[in-house]
Amino acid sequence: MPGLKGRVVGQHWYTPYVFMLPGLLFYAAMFAWPAVIAIQLAFSDYDIVHPVRFSGLDNFVRLAEDPRVWIALRNSLLFVLMFLPLTVVAPLFLAMLVNLRLRAIQAFRMLYYLPVITSMVAVAVAWRYVFNREGVVNWLLGLFGAGPTDFLLDRHWALPTVVLLEAWKNAGLFMMIYLAGLQAVPSEQLEAATIDGANAWQRLLHVTVPSLRPTFAVTLVLSMLEAMRAFESVYVLTRGGPLDSTLTLGYYIWSKAFEDYDMGYASAVGLLLWAIMIVLAGFNLLVTRRRDG
Amino acid sequence: MARRLYRTPPRRTPVSTRTVRRIGLYVLLVAVAALFIGPFLILLSAATKPASQDVFGFPPDLIPRPPVADWFREAWTTIPYARFLVNSVIYVGITVPVYLVVSALTAYPLARIAFRGRGVFFMLFLSIMFLPGELMLIPRFLVMSELGLTDTFASVILPAILSSLGIFLLRQAFSQIPDEIVEAARVDGANEFAIFWRICVPIVAPTLAVLAILGFVSVWNSFIWPLVVLTSQSKFPIALGIAYLSGVAGTDVRGLAAGTVISLIPVVVVFLLLQKRILNSMGGAVKG
């Protein structure tokens, strides 16, 4: 195909565009057009009832002075900080566990992956029975003499609980990414290290982890972006409460747009989130590139 | 690590120690499995306990004595779970085939036809990945009302038709098809569409299957977007239906548990049937 000079039989200049036409139409209608509207709204006042009115930088001035944006930003960053070890480090150990050559290991991989394919709503309902005041977790805590806690109603516990649940739901996905990485670790190197007398921990630290570098880059970006945009879990578990303790940027955008119908302002917060995500992804790219180079 | 001057052969572990180690590993694997399926089992237990048995209580009493189907029957009859399920089946049934066709059509020239700006078009479709869904909720809602489609089945389906993952994976699959196969058809006078449809699409069937499963799971679980764009309860997909009812029927812990279990059955069945394919694809897909 490429490299062939001249017209290939059965191909016209417009052939590729005919193929791509449906895709381009969907792209224009569902991505490009909405993206333009989002940017336009961020510089406008819009409440669904009244027509869109250009308001310049008003929304961004408001944003800078809005204490709840800073609470949401802080919560989102806390979310990232708690989420990273749970999705970048813990699933590596899960992957090492299911990478063992044991009978029925595929069944265990499957069980660990199950939460990934279930809906966040179903997951939230299931965990409600676990974290309830009379649920299993409080019973376990009671065995150690700790009093029952209403995890999702407690200002200090709500955010960590949401993070934990989100990490639990995604652990299987990260595990499978690591598993693919682990199976690419050269086994000669591991054998050589074993012969040199390295114990399991040393092999992990000096052979496995360094050769997983590209995998870490993938999981780190995925994990950060996932945490930064956390919304569904917050919506179904806490609705941002109690007292804004689980108010993330994603949830704040939602509540401004679809509870207060303050769509222009919500779009401005959306642009802030977009910018942060791009910076995070770019920073990550930069760091991993430099290490490789 | 300092290299030793001489190599010692690895010592052979006695059989008994190996057995003990193996049992230990299985204990660990089962313990971790409990962590991942435990909440679902607790849900199942709440959904099958007879009325005489508490859902909660210390110490937790998880075995239903005897297991009953009352709450499933109740969920099925008093709450429109059946309607929600039918809706979700419709959403999946329309979205997934259209998604596959559009993705394949888009990916094909990006892989197999040399034309000016091919790279630019590819980047365009990949850029979908970097648009945060939360930011798109508001403008997409406005686009839908502009098109007069809010609160219709179409409004739920349209945004799910295009994904960068689909185009990315299919482009890779198409470009791996050997030139000789395609050239032979060309010599026989097949036009480009015939080559695409009769030769290339069957070859990339495994990739299409993976995308079909991923599409099924994501449409089945979709929740935020339907929540934004739908107002009539009669059009709710199952995940939204459950979220809605957990607010409305918040006190009926058993009915809610039963409804949630019902919603999980189709994805779990599909997953169990096709798990090997799903698990193999996931790691590879994300790694690219």
Side-chain angles (χ1 to χ4, degrees), chain A residues 1-2 9-11 15-16 19-20 22-23 26-27 30-31 33-35 37-38 100 102 108-115 117-119 121-122 125-127 129-130 132 134-136 139 176-177 179-180 194-198 206 218 229 231-232 236 250 253 257 263 266-267 270 273-274 277, chain B residues 1 3-4 7 10 25 29 33 36-37 39-40 42-43 46 56-60 102 105-106 108-109 112-115 128 131-132 134-136 138-140 142-143 158-159 161-162 179 186 191-192 217 221 223-224 228 239 242-243 246 256 260 263-264 267 271 275 279 282-284 286-287:
Chain A
M1 38 140 223
V9 183
Q11 276 182 12
T15 307
F19 272 91
M20 289 192 302
F26 278 106
Y27 184 86
M30 295 296 126
F31 296 95
W33 185 14
I37 295 180
L100 293 168
L102 288 174
F108 286 101
R109 284 179 198 168
M110 210 172 78
L111 291 178
Y112 300 174
Y113 193 78
L114 206 59
I117 58 145
T118 54
S119 70
V121 176
V125 173
W127 276 85
Y129 297 85
V130 179
N132 192 286
E134 283 97 37
V136 177
W139 173 70
M176 290 312 296
I177 300 172
L179 190 61
T194 315
I195 292 166
D196 287 348
H206 298 286
V218 172
R229 52 191 291 188
F231 162 69
E232 231 181 11
V236 292
I253 297 170
M263 298 235 167
S267 299
L273 176 61
W274 199 9
M277 283 170 59
Chain B
M1 216 184 315
R3 216 177 160 82
R4 289 196 178 176
R7 290 179 168 184
L25 284 172
L29 281 164
F36 282 101
I37 56 166
F40 295 123
I42 292 174
L43 184 73
F56 299 110
F58 292 138
V102 172
L105 279 171
T106 311
Y108 180 79
R112 300 219 63 101
I113 300 177
F115 65 101
I128 294 172
L131 285 169
E134 291 69 28
L135 181 69
M136 300 305 271
I138 306 165
R140 266 192 191 149
L142 297 178
V143 167
L158 289 175
I161 297 299
L162 209 61
D179 282 342
R186 208 160 261 150
N191 67 25
E192 201 62 33
V217 170
N221 293 337
F223 161 66
I224 306 173
V228 167
I242 284 171
S246 73
L256 181 63
T260 309
S263 83
L264 289 173
V267 254
F271 178 61
Q275 35 96 9
L279 291 181
M282 271 335 286
V286 183
K287 267 174 74 84

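In the text below, chain A, chain B and the rest are named by the order of the sequence lines, each starting its count at 1.
Among residues two or more places apart in sequence or in another chain, the side chain to side chain contact (heavy atoms under 4.5 Å, CB included) test is passed with Pro39(B) by Ala126(A), Trp127(A), Val130(A), Trp168(A). Every ring pair (Phe, Tyr, Trp, His ring centres under 6.0 Å) that Phe19(A) has, sequence neighbours left out, goes to Tyr108(B), Phe196(B).
Considering CG of Leu25(B) and CZ of Phe108(A), their distance stands at 10.5 Å, rounded to 0.5 Å. Expressed to the nearest 0.5 Å, how far CD1 of Ile117(A) lies from CG of Leu264(B) amounts to 8.5 Å.
Heavy-atom distances place both the backbone and the side chain of Leu102(A) under 4.5 Å from chain B. Heavy-atom distances place the side chain of Phe231(A), and not its backbone, under 4.5 Å from chain B. Looking at Met277(A), only its side chain comes within 4.5 Å of chain B, counting heavy atoms on both sides. At a 4.5 Å heavy-atom cutoff, the contact between Leu162(B) and chain A is made by backbone and side-chain atoms alike. Contact of Phe115(B) with chain A is made through the side chain alone, with heavy-atom distances under 4.5 Å. Proximity to chain A (any heavy atom under 4.5 Å) is shown, for Val267(B), by both the backbone and the side chain. Using a 4.5 Å cut-off between heavy atoms, Leu142(B) contacts chain A through its side chain alone, with no backbone atom that close.
A heavy-atom distance below 4.5 Å is found between the side chains of Leu256(B) and Tyr129(A). For the pair Trp33(A) and Pro139(B), the minimum side-chain heavy-atom distance is 4.5 Å or more. Side-chain atoms of Ile37(B) and Leu114(A), non-hydrogen and from C-beta on, do get closer than 4.5 Å to each other. Phe26(A) is not listed as a side-chain neighbour of Thr106(B), based on a closest heavy-atom distance of 4.5 Å or more.
In terms of non-hydrogen atom pairs under 4.5 Å with chain B, the most contact-rich of Val236(A), Thr118(A), Leu273(A), Ile37(A) is Thr118(A). If you tally non-hydrogen atom pairs under 4.5 Å between each of Gly270(A), Pro22(A), Gly23(A) and chain B, the highest count goes to Gly23(A). Per-residue heavy-atom pair counts under 4.5 Å with chain B were compared for Ala257(A), Ala35(A), Ala266(A), Ala122(A), and the maximum is reached by Ala122(A).
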For Val125(A) and Leu43(B), what are the C-alpha separation, side-chain angles and deciding distance, and is it a side chain to side chain contact (heavy atoms under 4.5 Å, CB included)? CA-CA 8 Å; Val125(A) 173; Leu43(B) 184 73; 3.9 Å; yes

Report the C-alpha distance between Leu111(A) and Leu29(B) in whole Å, list the side-chain angles of each, state the deciding distance to 0.1 Å, and finish with yes or no for side chain to side chain contact (heavy atoms under 4.5 Å, CB included). CA-CA 10 Å; Leu111(A) 291 178; Leu29(B) 281 164; over 6 Å; no

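When all heavy atoms of Met30(A) and Leu158(B) are compared, the closest pair comes out as CG-O, 3.9 Å. Pro34(A) approaches Arg140(B) most closely through the heavy-atom pair CG-CG, 3.9 Å. Nearest heavy-atom pair across Ala239(B) and Val121(A) is O-CG1, 3.5 Å.
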